[in-house]
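Below: the structure, in structure tokens.
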Amino acid sequence: MLITVTRSGGFTGVEKTRELDTDGRADAARWEELAHRALAATADGFHYRITIDDQVLDVQDPFLSEEQRELVRAVLGEGA
């Protein structure tokens, strides 16, 4: 299993990407189980793409801030 994590943003806007290949690792089962749990945490949630002028934000339930949730509710006219 190949796990890739990318982080971007912050004050300097520097992007950091790292990969972890579980093939052949003694602790592969631990990493793979963690990856499956991480995916399952949002499998049933909604995903939102908020675009404001030229800025794009991808967020998903249940990890919206209160401000993001309020904006989604106001624009979509329904619960978030």
Side-chain angles (χ1 to χ4, degrees):
M1 171 185 288
L2 181 63
I3 302 168
T4 305
V5 175
T6 301
R7 179 187 69 197
S8 61
F11 182 70
T12 61
V14 175
E15 185 173 286
K16 181 177 184 177
T17 300
R18 295 289 186 267
E19 293 182 342
L20 181 105
D21 191 345
T22 63
D23 288 344
R25 293 182 60 113
D27 59 352
R30 179 179 145 256
W31 284 104
E32 292 169 8
E33 208 265 319
L34 177 60
H36 288 297
R37 284 186 301 149
L39 289 176
T42 59
D44 194 32
F46 287 108
H47 299 258
Y48 301 95
R49 172 166 284 179
I50 300 169
T51 305
I52 301 169
D53 293 329
D54 62 346
Q55 297 181 23
V56 177
L57 175 66
D58 289 308
V59 291
Q60 59 193 32
D61 276 340
F63 305 109
L64 279 74
S65 70
E66 285 305 312
E67 294 79 7
Q68 293 163 347
R69 192 172 301 283
E70 182 178 349
L71 182 62
V72 166
R73 285 181 185 139
V75 174
L76 292 180
E78 57 188 59

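Positions are given from 1 along the sequence. The analysis underlying the following values was restricted to heavy atoms, covering all of them including side chains, and did not include hydrogens, waters or symmetry mates.
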Could you measure the distance from the [atom1] atom of [X] to the [atom2] atom of [Y]? Nearest 0.5 Å is fine.
X     : Y     : atom1 : atom2 : answer
Gln68 : Leu57 : CD    : CG    : 5.0 Å
Arg69 : Arg73 : CZ    : CZ    : 6.0 Å
Thr51 : Asp58 : OG1   : CG    : 8.0 Å
Phe46 : Gln60 : CZ    : CD    : 12.5 Å
Leu34 : Thr22 : CG    : OG1   : 11.5 Å
Ile50 : Ile52 : CD1   : CD1   : 6.5 Å

Return yes when atom CD of Gln55 has more than 12 non-hydrogen atoms of other residues, nucleotides or ligands closer than 6.0 Å, and no otherwise. no
So does Glu32 have more than 12 non-hydrogen atoms from other groups sitting under 6.0 Å from CD? yes
Would a 4.5 Å heavy-atom cut-off, applied to side chains only, mark Glu15 and Thr6 as touching? yes
Close side-chain approach of Asp61 to Tyr48, heavy-atom, < 4.5 Å: yes
Between Glu33 and Arg37, is the side chain to side chain contact (heavy atoms under 4.5 Å, CB included) condition met? List the steps. CA-CA 6 Å; Glu33 208 265 319; Arg37 284 186 301 149; 3.1 Å; yes
Would you please test Arg18 and Val5 for side chain to side chain contact (heavy atoms under 4.5 Å, CB included) and show each step? CA-CA 6 Å; Arg18 295 289 186 267; Val5 175; 5.7 Å; no
